[in-house]
Amino acid sequence: MELVTIFISAVLVQNFVLYYFLGICPFLGVSKKLDSAVSMGLAVTFVMSITAVVSWLINNLILIPYDLGYLQIVSFILVIASLVQLVEMFIRKISPPLYQALGIYLPLITTNCAIMGLALLAALNKYSFMETVIFGFASGLGFTLAIVLMAGIREQLDLADVPEPLKGAGIALIVAGIMALAFNGFIGMLT
Amino acid sequence: MTDLLVPIFTMTVLGFLFSSGLVLAYKKLKVDEDPKIEKVAEILPQVNCGACGYSGCRAFAEAVVKSSAAVSGCPVGGEETANQVAKIMGVEAGEIIKKVARLHCGGTIEAAKSRGFYSGIPTCYASHLVGGNKQCSHGCLGFGDCVKACLFEALYMETDGLPRVREDKCTACGKCVDACPRNLFELHPLVQEILVFCRSEDRGPMARKVCNAACIACGICARACPEAIVMENNLAVITDFKKIDPEKIPDIEKCPTNAIGRIHREEDRDEG
């Protein structure tokens, strides 16, 4: 039951983008087209899932037993950076068009605060291994959900008569704000 | 001392583990890239303006190597770049027609009648929303959105209220064409000397009332050279400049408002 709560919480209620406001950079940058938004969401989900596992292992097998908690952030950065490199090589190998579509945002997953936030939150909440796996995967799904919804809205927005000064980033931020308000409505689900 | 050594040791070991993992992965997942892409990308101007239709110079280089773009596809680099790219690709560049941006408005401060004083946001776009400060609703607004859009300092505002194009610096990237809210810029071959300096589709008397340089749709030019000039929506339009007979140019230049004629080539002003 605890696992289900963590899953729903990470996808809907405490969505990384719309509740913690983490990972806004790719959320705005890659949400112009639906298909690249889906790919970005999946790439982030992949990185998040593996990061959660690896950072849990490092945290619980190395850092906590040897009382090295102060190395948490540094070692998590190392994990994330290496994993993103791996994903980048992997995507480049299997799907060059996807690699092109993600462009600069793929290496930017490295500095995506959502992933760092995921590793730190999992450590902070003292999740068990299974809980961390679910938490990582669900957070990725939550990010994918948010970015895909955003891309869908922005594709429609292209046809709308947006005032000139608000075109592009301006209207995107307004839409993101309204989406965050809507997602706040899920808070009642957990109590 | 151990306080210092333990984190260094831990991070070194972790870093070593991850990097060896990456090295192994790299060996498995390495993608061979055509070395020509790098060579072509080096030659390109690296301004990433998008005039070629690709998202940047590198994307264009990849398209050239894959033969989906022409070697002469970079308008900014012009002939020189095209020849160098052609050399790498082992093909002929072919003839490249240099184009430049031309302004289709002759409504200087003197010629075009003012509608009132505009004191809003000083951009063409804002001015256009409220109809501009000229009585003519087609003419240049004079706030220089095009000058701001130009990446190559090829445009400047003349004191008569119209922007001018420096032909030597213009790369025909099309930024000014997009920037002008009244679509007054168009790309034309550099060799095309006869141009229509008006976009007004108002009927003759109306056009003449608001601007002394407007095309009043009298049709003199179209009668002088019917194979190259036609009248469309009260405006002279050059359909194919190559068909303009040089002998007929004096007849075309009989235009009562000089709305069609030879481009005035001015010496570039000194900067600063």
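The figures here come from the full heavy-atom set of this structure, side chains too, leaving out hydrogens, waters and symmetry mates. Just so it is clear, the structure is predicted and the values come from calculations on it, not from any experiment. First the proteins, then the strands, lettered A, B, ... as listed; each starts at 1.
- To the nearest 0.5 Å, the span separating NZ on B/K28 from CG on A/L86 amounts to 12.5 Å.
- Annotation for A/D67: atom CG does not count as buried by contact number, only 12 or fewer foreign heavy atoms lying within 6.0 Å.
- Looking at A/Y66, there are no atoms closer than 4.5 Å to chain B (heavy atoms on both sides), in backbone or side chain.
- Proximity to chain A (any heavy atom under 4.5 Å) is shown, for B/S19, by neither the backbone nor the side chain.
- Within a 6.0 Å sphere centred on NZ of B/K113, heavy atoms belonging to other residues, nucleotides or ligands number more than 12.
- Heavy atoms only, all atoms of each residue included: A/S75 and B/L14 are closest at CB-CD1, 3.9 Å.
- Atom OH of A/Y70 is surrounded by more than 12 heavy atoms from other residues, nucleotides or ligands within 6.0 Å.
- Within the 4.5 angstrom heavy-atom criterion, no atom of A/L83 approaches chain B.
- Within a 6.0 Å sphere centred on CZ of A/F137, heavy atoms belonging to other residues, nucleotides or ligands number 12 at most.
- In plain terms, the two heavy atoms of B/Y26 and A/M89 that are nearest each other are CA-SD, 3.4 Å.
- Other residues, nucleotides and ligands contribute more than 12 heavy atoms inside 6.0 Å of the OH atom of B/Y118.
- Of the listed residues A/L63, A/V79, A/I62, the one with more heavy-atom pairs under 4.5 angstrom with chain B than any other is A/V79.
- Crowding of B/K148 atom NZ: a count of heavy atoms from other residues, nucleotides or ligands under 6.0 Å exceeding 12.
- Of the atoms belonging to A/L68, it is side-chain heavy atoms, and not backbone ones, that fall under 4.5 Å from chain B.
- Rounded to the nearest 0.5 angstrom, A/L78 CG and B/M11 CE are separated by 5.0 Å.
- The neighbour count for A/K33 NZ, taken as heavy atoms of other residues, nucleotides or ligands under 6.0 Å away, does not exceed 12.
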